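Values in this document were obtained by computation on a predicted structure and should not be read as measured data. The first residue in the sequence is number 1, and the count goes up from there.
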Amino acid sequence: MAVVYRLTLDQGATFRRVLRWLKGESPVDLTGFSARMEIRDKAGGSLLYRLDTTNGGISLGGAEGTVILHLPAATSAAWSWRTGVYDLELIEPNGDVTRLIQGGVQINPEVTTGV
């Protein structure tokens, strides 16, 4: 069962979050895995943003079991939406899918735009 984890992002700031998948006290070896995460306005709703291991939004740390989420500042600066929902799925080399975390997304609006 996925862990419920609320994400809060500061609009216009670089977002980087490092997660670690453990079974018991041992990291899960993510060698050969891929990952995907979608943010939508509601479950089954419109896609707001997608991160994955192909587009560089997610990096996996092999034997360390780390999952690194990354959003550039310019990406969130362009968003007009403020809330959504997401889930993060890890795909094993054999095709099995595990939903690691899920929850709500809150965007703190940017005040200083640098213009």
Item checked: Set of side chain to side chain donor-acceptor pair (under 3.5 Å) partners for Asp41, sequence neighbours left out -> none
Next item on the list: Just do the side-chain hydrogen bond (donor to acceptor under 3.5 Å, both in side chains) check on Arg17 and Tyr5 with the steps written out, would you?
Entry: CA-CA 12 Å; Arg17 184 68 39 95; Tyr5 183 77; 2.9 Å; yes
Listed pairs under 3.5 Å, donor-acceptor, residues 70-84 side chains, sequence neighbours left out:
residue : atom : partner : partner atom : Å
His70   : NE2  : Arg16   : NH2          : 3.0
Ser76   : OG   : Gly12   : N            : 2.9
Ser76   : OG   : Ala73   : O            : 3.4

Side-chain donor-acceptor pairs of residues 94-105 under 3.5 Å, sequence neighbours excluded:
residue : atom : partner : partner atom : Å
Asn94   : OD1  : Asp96   : N            : 2.8
Asn94   : ND2  : Asp96   : OD2          : 3.4
Arg99   : NH1  : Gln102  : OE1          : 2.4

Next item on the list: Starting at CD1 of Ile107, measure out to CG of Leu9 and round the result to the nearest 0.5 Å.
Entry: 4.5 Å
Next item on the list: Say whether, by atom type as modelled, one donor and one acceptor occur between the side chain of Asp10 and the main chain of Ala13 under 3.5 angstrom.
Entry: no
Note to self: I'd like to check the side chain to side chain donor-acceptor pair (under 3.5 Å) partners of Glu38; sequence neighbours left out, ordered by chain and number.
What the structure shows: Arg40, Arg50
Note to self: When you measure from the side chain of Thr53 to the backbone of Ala35, do you find a donor-acceptor pair of N or O atoms at a distance under 3.5 Å?
What the structure shows: yes
Next item on the list: Only counting residues at least two apart or in another chain, list the ones meeting side-chain contact (heavy atoms from CB on, under 4.5 Å) with Ser59.
Entry: Ile68
Margin query: Given 3.5 Å as the limit, does a donor-acceptor pair link the side chain of Gln11 with the main chain of Glu110, or not?
Written below: yes
Margin query: Using the rule that Ile, Leu, Val, Met, Phe, Trp and Tyr join whenever any side-chain heavy atoms are under 4.5 Å apart, tell me whether Leu51 and Leu19 fall into a single cluster.
Written below: yes
Checklist line | Ile39 and Val85: CA distance, side-chain angles, deciding distance, side chain to side chain contact (heavy atoms under 4.5 Å, CB included) verdict | finding: CA-CA 6 Å; Ile39 302 172; Val85 295; over 6 Å; no
Checklist line | Heavy-atom pair of closest approach, residues Gly32 and Pro93 | finding: O-CG, 3.5 Å
Notebook entry, point to check: Going through the checks in order, is the side chain to side chain contact (heavy atoms under 4.5 Å, CB included) test met by Phe33 and Ile91?
Noted result: CA-CA 5 Å; Phe33 278 60; Ile91 303 96; over 6 Å; no
Item checked: Nearest non-hydrogen partners of Leu88 and Ile58, listed with the distance -> CD1-CD1, 3.7 Å
Next item on the list: With the side chain counted from C-beta on, respond yes when Leu90 and Val67 share a heavy-atom pair under 4.5 Å apart, and no when they do not.
Entry: yes
Check: Less than 4.5 Å apart, any side-chain heavy atom of Glu89 and any of Met37?
Finding: no
Next item on the list: Give a yes or no on whether Val28 and Leu60 share a hydrophobic cluster (residues Ile, Leu, Val, Met, Phe, Trp, Tyr; joining criterion: side-chain heavy atoms under 4.5 Å apart).
Entry: yes
Item checked: side chain to side chain donor-acceptor pair (under 3.5 Å) against Ser46, all qualifying residues, sequence neighbours excluded -> none
